[in-house]
There are 2 protein chains.
Amino acid sequence: MSSPSPKFELFARFAEVAKALGNAHRLVILELLAQRERSVDDLASAARLSVANASQHLRLMRKVGFLVSRRNGTQILYRVSDPAVLDLVKALHRVGERNVAEVREIVGGYFRERDALEPVSREQLSRRMRDGLVTVLDVRPEDEFDAGHLPQAINAPLRELEKQLRDLPKDRDVVAYCRGPYCVFAFEAVALLRQHGFSARRLEDGFPEWKAADLPVA
Amino acid sequence: MSSPSPKFELFARFAEVAKALGNAHRLVILELLAQRERSVDDLASAARLSVANASQHLRLMRKVGFLVSRRNGTQILYRVSDPAVLDLVKALHRVGERNVAEVREIVGGYFRERDALEPVSREQLSRRMRDGLVTVLDVRPEDEFDAGHLPQAINAPLRELEKQLRDLPKDRDVVAYCRGPYCVFAFEAVALLRQHGFSARRLEDGFPEWKAADLPVA
DNA sequence: AAAGTATTCAACATAATTATTGAATTGTAT
DNA sequence: ATACAATTCAATAATTATGTTGAATACTTT
């Protein structure tokens with residue numbers, strides 16, 4: 001029973017951090033928190049978890065340093081502690097997408113016309129916004145839009161997009177974005193827009209990545 | 001019993017990938033494989049695991065795409081499939097080191113004089129090597145050195161370093177490196193060298209990071 | 001100070017992970 | 001072909017993670 005070496009001890013800590021990423025519900029919560037600060041029961045209902053269960057997941061992620069919390073009035077608000085956490089999630093996505101055959105199937109199936117939809121890169125969008133050539137559509141729920149969005153973006157939550165279509169200029173390209181690379185809202189928005197004769201594309205990923213790249217935010 | 005959404009399915013896959021990182025032994029194996037290709041029982045003994053157990057860990061990491069294997073004669077050799085995997089591990093280290101209080105304690109305790117030892121960055125070392133001002137010491141085991149090392153580096157495994165000391169020029173700075181940022185060999189080598197009057201520092205991380213940065217390798 | 005609410009805790013049942021043993025494969029080499 | 005070695009598989013036991021339920025806490029607000 002030799003005591004484990006300090007280095008093994010260190011790696012055991014890193015393993016604990018990785019374990020905190022190793023649950024789909026927690027990844028969902030992290031994506032939600034990447035948009036904005038949220039309360040426990042807000043998260044619980046958004047992620048379809050019991051409050052107690054959500055609380056447990058949050059506690060665990062706070063323990064490994066992913067999240068910090070503060071009290072505001074009667075509720076406790078959680079947020080992501082550090083952009084490095086989002087970088088870690090992004091690195092996970094990259095490896096997952098690259099290496100796991102099943103992920104390629106899911107991505108290629110449900111997010112089927114991924115390439116056909118020709119995502120616009122942040123740099124491209126940024127340039128075209130400067131030139132005023134493009135309508136930018138934020139298709140996330142209103143609360144997430146309010147917490148921060150791209151400059152000039154119009155909030156059009158998917159359910160209300162159809163109503164708002166008549167207000168959009170038909171002669172300009174539309175770029176839609178939502179929570180991140182695996183958020184389906186933008187895909188569906190682009191499909192709907194194209195059905196109605198718009199020239200529409202989606203941003204390659206979402207608001208958190210835009211913000212993380214230090215691009216301007218409103 | 002609504003079936004889980006495709007997006008949740010996708011996140012469940014990512015969670016599986018993260019779980020594969022969530023075990024200290026697997027992180028040790030990954031660090032070993034970052035140095036060079038190795039056989040199962042080679043890894044088992046290096047990581048102090050039973051062969052069957054090591055085989056299980058390897059199988060799991062191959063399943064999530066971290067590793068690939070090939071047969072060579074009688075044994076099966078594993079290696080890391082993609083540099084993105086090492087990026088993921090690095091992102092994990094960064095978050096772990098940044099956010100987990102206990103990690104800071106371990107790092108600050110065992111790797112205590114971390115800052116006092118003033119690590120040299122890859123860029124600094126690269127420059128000083130070009131100017132020929134520095135002796136570069138690879139303190140990893142010989143087999144790892146043979147599989148790839150920094151140009152001009154001298155292999156001096158820690159156990160033999162003391163014997164080799166007399167052959168080192170005393171008027172030049174020495175920079176030692178080993179497997180990565182948490183590998184203790186370089187720390188101990190620097191300590192030993194300083195005891196013997198050398199001006200010694202360690203490289204900020206190790207060989208895999210050097211190689212990943214596309215710097216020249218021998 | 002009391003009442004009310006959001007959150008956390010504790011205890012449990014179920015499920016998943018880990019390490020061990022020994023047997024079964026799968027290839028190489030004689 | 002047969003023997004051999006390296007690796008993988010299968011079955012087990014022990015540990016750890018997950019999600020419920022209902023009760024306890026810790027605040028705010030009145």
Side-chain angles (χ1 to χ4, degrees), chain A residues 1-2 4 8-9 11-30 32-33 37-64 66-79 143, chain B residues 1-2 4 8-9 11-30 32-33 37-64 66-79 102:
Chain A
M1 298 291 108
S2 71
F8 188 81
E9 203 64 47
F11 278 29
R13 293 307 165 178
F14 289 148
E16 247 175 69
V17 174
K19 271 182 203 157
L21 279 184
N23 175 285
H25 292 302
R26 288 196 290 270
L27 292 177
V28 169
I29 290 173
L30 274 177
L32 290 166
L33 289 177
E37 207 177 36
R38 300 184 89 132
S39 71
V40 176
D41 81 7
D42 185 6
L43 284 167
S45 66
R48 298 165 174 281
L49 295 172
S50 73
V51 171
N53 192 198
S55 173
Q56 273 186 89
H57 285 307
L58 291 166
R59 195 173 53 79
L60 193 155
M61 288 197 280
R62 191 178 49 198
K63 181 163 167 257
V64 302
F66 290 172
L67 308 179
V68 292
S69 59
R70 70 180 179 97
R71 178 175 282 273
N72 181 19
T74 134
Q75 43 193 11
I76 298 210
L77 300 178
Y78 279 84
R79 66 174 187 281
D143 56 333
Chain B
M1 300 289 110
S2 70
F8 188 82
E9 203 64 46
F11 279 28
R13 293 306 164 179
F14 289 148
E16 246 174 70
V17 174
K19 270 182 204 158
L21 280 183
N23 176 285
H25 292 301
R26 286 195 292 269
L27 292 176
V28 169
I29 290 173
L30 274 176
L32 290 166
L33 288 177
E37 206 177 38
R38 300 184 88 131
S39 71
V40 176
D41 84 5
D42 185 7
L43 284 167
S45 66
R48 298 164 173 281
L49 295 171
S50 72
V51 171
N53 193 197
S55 172
Q56 272 187 90
H57 285 307
L58 290 166
R59 195 173 53 78
L60 194 155
M61 289 198 280
R62 189 178 51 197
K63 181 164 166 253
V64 302
F66 290 172
L67 307 179
V68 291
S69 60
R70 70 181 179 97
R71 177 175 283 274
N72 182 18
T74 134
Q75 43 191 11
I76 298 211
L77 300 178
Y78 279 83
R79 65 174 188 281
E102 294 150 278

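All chains are named by letter (A, B, ...) in the order of the sequence lines, taking the proteins before the strands, and each is independently numbered beginning at 1.
Remark: B:Arg71, B:Gly73 in residues 69-77 of chain B come within less than 4.0 Å of DNA chain C through at least one heavy atom. Residues of residues 38-46 of chain B having a heavy atom closer than 4.0 Å to DNA chain C: none are found.
Reading DNA chain D from its 5' end, the first and the last nucleotide to sit under 4.0 Å from a heavy atom of chain B are D:dA6 to D:dC9.
Partners of A:Phe66 under the ring-ring contact (aromatic ring centres under 6.0 Å, His included) rule, at least two apart in sequence or in another chain, do not exist in this structure. Taking B:Glu37 as the reference, B:Arg70 meet the side chain to side chain donor-acceptor pair (under 3.5 Å) condition, with sequence neighbours excluded. Shown here are the side-chain contact (heavy atoms from CB on, under 4.5 Å) partners of A:Val40, two or more places apart in sequence or in another chain: A:Val51, A:Ser55, A:Leu58, A:Tyr78. Applying the side chain to side chain donor-acceptor pair (under 3.5 Å) test to A:Asp42 and every residue at least two apart in sequence or in another chain returns A:Arg36, A:Arg38. Under the side chain to side chain donor-acceptor pair (under 3.5 Å) criterion, B:Ser69 pairs with B:Arg62, sequence neighbours left out. For A:Ser50, the side-chain contact (heavy atoms from CB on, under 4.5 Å) partners two or more places apart in sequence, or in a different chain, are A:Ala52, A:Asn53.
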- Query: Which parts of nucleotides 18-24 of chain C does protein reach within less than 4.0 Å, heavy atoms only, written one letter per nucleotide 5' to 3' as B for base, S for sugar-phosphate only and - for none?
  - Reply: SBBBB--
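With pairs defined as Watson-Crick or G-U wobble and both atom distances under 3.5 Å, the stems of at least three pairs that touch DNA chain C come out as C:1-30 with D:1-30.
Between A:Ile29 and A:Leu49 the shortest side-chain heavy-atom distance falls below 4.5 Å.
Within the structure, side chain to side chain donor-acceptor pair (under 3.5 Å) pairs that include any residue of residues 17-27 of chain A comprise A:Arg26-A:His57 (at least two apart or interchain).
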